Each structure stands twice: as structure tokens, then as C-alpha cells.
Amino acid sequence: MPAKKVGKKGKYQRLSPDKIFFGKNGKKVELKIIKINLWKLIIGFVIFIFFLPVLFSFFEIPGIGGKVETSQVIVDIKEGKVKEVLIQGTRLIVNYNDGTTKIASKEESESFTDILAAADIDPASVRYTVVDQSFAKALGDILGVILPIALMAGFFLLIMKAQNKSAQDIFSFGRSRAKLFAKGKQSVTFADVAGVEDAKKELEEVVDFLRNPQKYRKIGARTPKGVLLFGPAGVGKTLLARAVAGEAGVPFFSMAGSEFMEMLVGVGASRVRDLFATAKAQAPAIIFIDEIDAIGRQRGRGFIGGHDEREQTLNQILVEMDGFTPNDNVVVIAATNRGDLLDPALLRPGRFDRRVMLDMPDKEGRASILKIHARGKKFAKDIDWNGVADRTVGFSGADLENMLNEAAILAARENRSEITSKDIEEAATKVKLGPAKRKLQSEEDRKITAYHEAGHAVVTHFLPKTDPVQRISIVARGMSLGHTFIPPASDRTHDTKNRLLDQVAAMLGGRAAESIVFDEMTSGAASDIEQATRIARAMVTDFGMSDLGPVNLGAQYDVDDLGRPQWFEPMQISQAMQEKVDNEIKRIVEEAYSRARAVLKSHRKELDKVAARLLEVETLDKEEFEKIVGKKPVGGNKKAEENLSDKK
């Protein structure tokens, strides 16, 4: 192996097999090899030689004064002005006594001595030299024959090469396009994943089986053939797969579900075969299919037609995962956020043995995720991370990462060296509601918005079963002119009837404030009314929280364990029962609206103070809001409740 010198004062060292060598200072240097195509080099050289005379014809030889007629050369020879004549085929290079040089031309069949004789000039009196050009002439004749043949041969070779490449491209349609992640090439590990501890345990067992298969086989256990990760977007399904690639220590093949699909029928199935054949050749191995719902959707039934290409691809996956040929050392991991769309044959044991549900992280999970994504960022020391975890109920892992990144961008935009709590609060609001928009509004619009948001906040504050108000703002974000942010005080699994009734009343607090203060109704409450009606309808039809009793009065679907409807046409309730449902929904909403009005009338002073403060500063946080209205009552607004009871 040849030695190479590194730098001006470097040592000579032999190249390593991977073309990496080290210099005197120990730095790694990569050797770059330039590939030369011999055919292209030869063709280029021949073309250059062929066109070389043409190129020379555009340039004049240095020292030559210009062209002159042959008759003038004869006259100059007679007058003794010519020193020497060089004869190059049909060219006469005439050197004059004064040092100038000129060029003349003669006919190819005519001799220079004949020209002199015809002009009555003794050839012996003229100094001339004939330059031998036999080699150049012979070379030109040879090139004139060979070059056209070479050009035609090269042209046909290029055509044949293009045809071979096209043929290869056609046959490569059926090859898998999976990305192979070799051992040690992934930096993400299970230590970089938080908030999904149960899913981590499931996948850690799969990784441990691939590392230590004998530990499980000696007791009679077999490896799970497939693990399906499904859950909402942003909870860490793909991140978990990347962690498996970093921890497994076996070949890891990654491919998106959409990459199997092509215009040509049968290509997807061919790619599935090629993917599993490649993985089996390197077994034990892991195959990861992201967004498997692109190819794993339930096959057509009833009056709904199918998709031939997708169904053929799905059929091939079913055969490869659990068909006639055993597939013991290849584990398939798939991710989707639409598990309800997958085909039942794909979900049965023997294919995807484990179905891991990933949900939004709880408080401890959010705190762990925040610690991971806070690495490499400079935060102020007074940040309460437990408070941030409490404030971000309902945030996914992707939301939390985006929140911290937006906070860092905000701090950098203002040329600050640290990220503060205010940056995190603004970033959290931006992630959920969108960026702030400074809209030009009239004073009347600002006042209506201020009382609307203050109505939400005051009703929420004085009702017993609602969560504390976190933030009130009349700054426009997204489609809204203002917002009242009321995050859950803790992670909940269930909602009670009284809490839902208080939520409906709080949603109608904005409309109640408008009617009390302005004796008017505005269109700004449309979204609030929609949400309140949706909760009331769910209480009546789904939760059985009405006088109609614990009866499901919604659309009747037969569903499986993943929530998939088994019948396309739902069972409908009677018209008489539908009228009762509508009356119950109306009663719940009207009573909630009356409760909201009662609370605001009892606390009109607090309502006016909050609205006035919003008009001054536009945004109030929890601490400043509670300075105006006091701490949230533990027992709720007893006075308003008593007044409402008297009205009933």
C-alpha cells in the first residue's frame, strides 16, 4: 500500500484500508480518490487534436506582420527586400530584411521555383527553405479516417450505456429503499426518551431478546414477531424506534409506509419481499415501518372498493411476518397514530404480538422530557421546572421540545444570555395558540374583548369545580381576539358531572359578561357556544348525565378493541327520543348560562377591575389576576349559588 505525506512537515504513513490516515499532529485526514474515465479521456484528446488547427487559425503567429499577395512578394524579391522564404505546403512565410515577416499563399500544385521562373527570377538568387510536413499530413490523413469511426463508436457506446441504465432502473423498482442503520451509528438511546416508561420496557425486552436469545429460548419463550406503537402525534413513537436502533446492536432497517407505494402494480409487494429477504440475510435484525397505516389500512369490504396496489403490499407483509416460511430472527416495529384504520389480520398475535399505546405524558413524564430537551440551553436559575410541568398539562413531547426551542429563540432575538420563565410562558402560549398578532382595533372592540375574557376568568375563578386561571390576554392569536388560559390543575382520567357543568358555565361567561355590561350579544362567543354545546351533548348522549338516565343516545356503532366501527350504518334513535335529547341539551346550556350571569352579577366590581386592567396591560398572569379577585375560593361562589337556587 503506498505511503502518503501529510502536510509540509508531516511523516510518511501507510494508508489504512478505509482510506483514512493520520498526520504528525494526530489529526485524521481522509484520502479522496479522483476517478478517471479512460474512454472519455481518449475521446476528448482525439477531439482536441482534430480541432487544434482550427483553433490556431484564429490566432496570428507572434512577429508576423500580416498577409501579403504573392505578386507583391515577387516584386519585393526583385527589389531585394526579401531575406528568406519558408515554404510550408501552400503557405509562404516571407522574412524581410527590415525584420518583418509576412505570409503569402500559393496553389498546392504549383512549385515556388516555377513561380520564380515565370517572373524571370533566378531561383539560385533567392534564399528559400522547404519545411517537411509529411508527418503532419500523414497524421491528418489517419485522423480523418479514424476520428469519424471513433466518434460513431463512442456515440453508440453512450446509447448502449443509457439503455442499460434505464433497464437497471426499471428492474430496481422492486428493490427495497430501506435505510440501514449499522451498529454504533445511532446516537439516540433509551436514555434520551422520557415520558413513555411502559413503552420503553416493552421495547427493552425486544432488544434484550435479540442480544441474549438463549436466555429466553431455554425457558421456551419466542421473540415477539412484531411491536405496534400507536398513539397521538408527537408522543415519541419514531423517537423510540430511533432509540431501539441505537440500543439493539443488530442491523436496523427503517422505511416509511409510503415508500412501498408506486404507480406500477406489484412494486410494493416486491419491495416488501426484498426488504424481508435483506433483513433475513443479516438476521437477527429489526425492521421499522413508520406510518404503517399508509399500507396497512383495512381491506375493502361491503360497498367500499379496495386499492389493488396497497392490498397486494399488505398481503405480502402478512405473509412475510407470519406465513409458511418461518421468520424467527426478524422483529418488525411499526408506528402509526391511526391504529383504528389497520387491518385486523395485521393486528392478530403472530404478527404484531404487542400493541403499545403511547399517551400524553403525565407530570413526571413532562418533567423528565423537559430535562432532556433543556440540555445545551442556558436557563435562568430561578426557573421552577415543576411549575412548568404543571403548566404544560396536555403537551406532548414534541410540544415541549418546540416550546423550549421557541423560548431560546425569543431570548436570542432580544440579545439576552439566559432563558427566563417569561420566555417559557410566552413560548408555551405560542405553541398552543399561535404567535401574537397586533391587530388594529377600535376602543369599543378592545373593551368588548376585555369584558368577554374577564367574564370567562371571573366565572371560572368563583365556580367550585373549575381549575385556576393561568393567563388572560386580549392579544389576538390565531383566529381569536383574546384568550383565557385555564390548564388542568393536575392530570385527570375522569370528569365528574359537576365539573362538566362548571366548565359549560365558564365557557358561557364571555357571553354573559357581554349581556350584563353592554346589554348586547356579539359574534365573538361563537366558539364558546360550540364547545359548551358539544360538552352538553356528550353529557346527555354518551355519559348518561341527564334526566334521561344512563342510556347511550348517540350513534350506535359496533366497535372493536381499537375503536373501529364494525358496521357502516349506525343505528338511529327515534324522533321522539331525539326531541328529548335536544331539550336536555338546551336545559343544561341555559342553566349554565344563568349560573354564569349570577356569578358575574355577584362580582361585578371584580369584573370591571379585571377588564380595566386588561385594557391597560393587555395580559394578566395568575398572580396579578388573583391580586384583583383574591385567591380561588375552596367552596366556590356560595352567594351566587344561593341566588340561583332562589330563582329556581
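Residues: numbered from 1 along the sequence shown. No experiment lies behind these values; they were computed from the predicted model shown.
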- Residues D547 and K580 bridged, charged N to O under 4.0 Å: no
- Message: Quick check: do F518 and K447 have side-chain heavy atoms less than 4.5 Å from each other?
- Response: yes
- Quick one: are V356 and L240 in side-chain contact, heavy atoms under 4.5 Å? no
- Which heavy atom in M507 sits nearest to a heavy atom in A532, and how many Å separate them? SD-N, 3.7 Å
- Item | K377 atom NZ, neighbour heavy-atom count above 12 within 6.0 Å | yes
- Answer yes when D608 and R604 have at least one side-chain N-carboxylate O distance shorter than 4.0 Å, and no when they do not. yes
- Query: Are E606 and H461 side-chain neighbours, meaning at least one heavy-atom pair lies under 4.5 Å?
  - Reply: no
- Message: Going by side chain to side chain contact (heavy atoms under 4.5 Å, CB included), H456 matches just one of V469, T484, I472. Which one?
- Response: T484
- Is there a side-chain contact (heavy atoms from CB on, under 4.5 Å) between I529 and Y593 once you walk through the steps? CA-CA 10 Å; I529 296 173; Y593 181 67; over 6 Å; no
- Taking D293 for the side chain and R338 for the main chain, is one N or O donor matched with an acceptor at less than 3.5 Å? no
- Task: Working to the nearest 0.5 Å, report the span between CD of E514 and CD1 of I448.
- Result: 7.0 Å
- Query: Do E425 and K422 sit within salt-bridge range, that is, some charged N less than 4.0 Å from a carboxylate O?
  - Reply: no
- Give the minimum heavy-atom separation between F395 and R366, together with the two atoms involved. O-CD, 4.4 Å
- Could you check E401 against L370 for side-chain contact (heavy atoms from CB on, under 4.5 Å), going step by step and ending with a plain yes or no? CA-CA 7 Å; E401 190 276 335; L370 289 170; over 6 Å; no
- Close side-chain approach of K237 to V196, heavy-atom, < 4.5 Å: no
- Query: Would you say D423 and F379 make side-chain contact, with heavy atoms under 4.5 Å?
  - Reply: no
- F352 side chain reached by L342 side chain, heavy atoms, under 4.5 Å: no
- Message: Check this for me: does any side-chain nitrogen of one of R242 and D192 sit under 4.0 Å from a carboxylate oxygen of the other?
- Response: no
- Query: Got a donor-acceptor contact below 3.5 angstrom from the K632 side chain to the L463 backbone?
  - Reply: yes
- Task: Would you mind checking if K631 and E626 are paired as a salt bridge, meaning a charged N to carboxylate O distance below 4.0 Å?
- Result: yes
- Task: Please report the shortest heavy-atom distance between A454 and A611, naming the atom on each side.
- Result: CB-N, 4.0 Å
- Shortest non-hydrogen contact from I419 toward A407: CG2-CB, 3.8 Å
- Criterion side-chain contact (heavy atoms from CB on, under 4.5 Å) on V332 and F288, from CA distance to verdict: CA-CA 6 Å; V332 180; F288 174 63; over 6 Å; no
- E444, CD atom: more than 12 neighbouring heavy atoms under 6.0 Å: no
- Message: Can you tell me how far apart CG (L620) and CZ (R471) are? Round to the nearest 0.5 Å.
- Response: 10.0 Å
- Can you measure from NE2 (H452) to OG1 (T522) and round to the nearest 0.5 angstrom? 6.5 Å
- Query: Can you name the closest pair of heavy atoms from Y451 and A513 and give their distance?
  - Reply: O-CB, 3.3 Å
- Message: Does this structure show an ion pair linking E591 with R587, if we count only N-O contacts that are shorter than 4.0 Å?
- Response: yes
- Message: I'd like to know whether E618 forms a side-chain contact (heavy atoms from CB on, under 4.5 Å) with R446, so could you lay out the CA-CA distance, the side-chain angles of the two residues, the decisive distance to 0.1 Å, and finally the verdict.
- Response: CA-CA 9 Å; E618 293 189 335; R446 293 183 75 249; 3.8 Å; yes
- Task: Look at the side chain of R354 and the backbone N and O of E202, then say whether any donor-acceptor pair between them is shorter than 3.5 Å.
- Result: yes
- Task: Before accepting this row, confirm whether a basic side-chain N of the pair K381/E418 lies closer than 4.0 Å to the acidic partner's carboxylate O.
- Result: no
- Smallest heavy-atom separation, R416 atom then L410 atom, equals NH2-O, 4.1 Å
- Between CD1 on residue I486 and OG1 on residue T460, distance to nearest 0.5 Å: 3.5 Å
- Query: Salt bridge or not for R613 and E616, using N-O below 4.0 Å?
  - Reply: yes
- Message: Rounded at 0.5 Å granularity, tell me how far CG in L615 sits from CD1 in I474.
- Response: 5.0 Å
- d(L358 CG, S396 OG) to nearest 0.5 Å is 11.5 Å
- Item | Pairwise side-chain contact, R597 with I516, heavy-atom cut-off 4.5 Å (strictly under) | yes
- Task: Taking atom types as modelled, find out whether R477 and T429 have a side-chain donor-acceptor pair closer than 3.5 angstrom.
- Result: no
- Query: Looking at E197 and K200, does any basic side-chain N land under 4.0 Å from a carboxylate oxygen?
  - Reply: yes
- Item | Side chain proximity check, I585 to V581, heavy atoms < 4.5 angstrom | yes
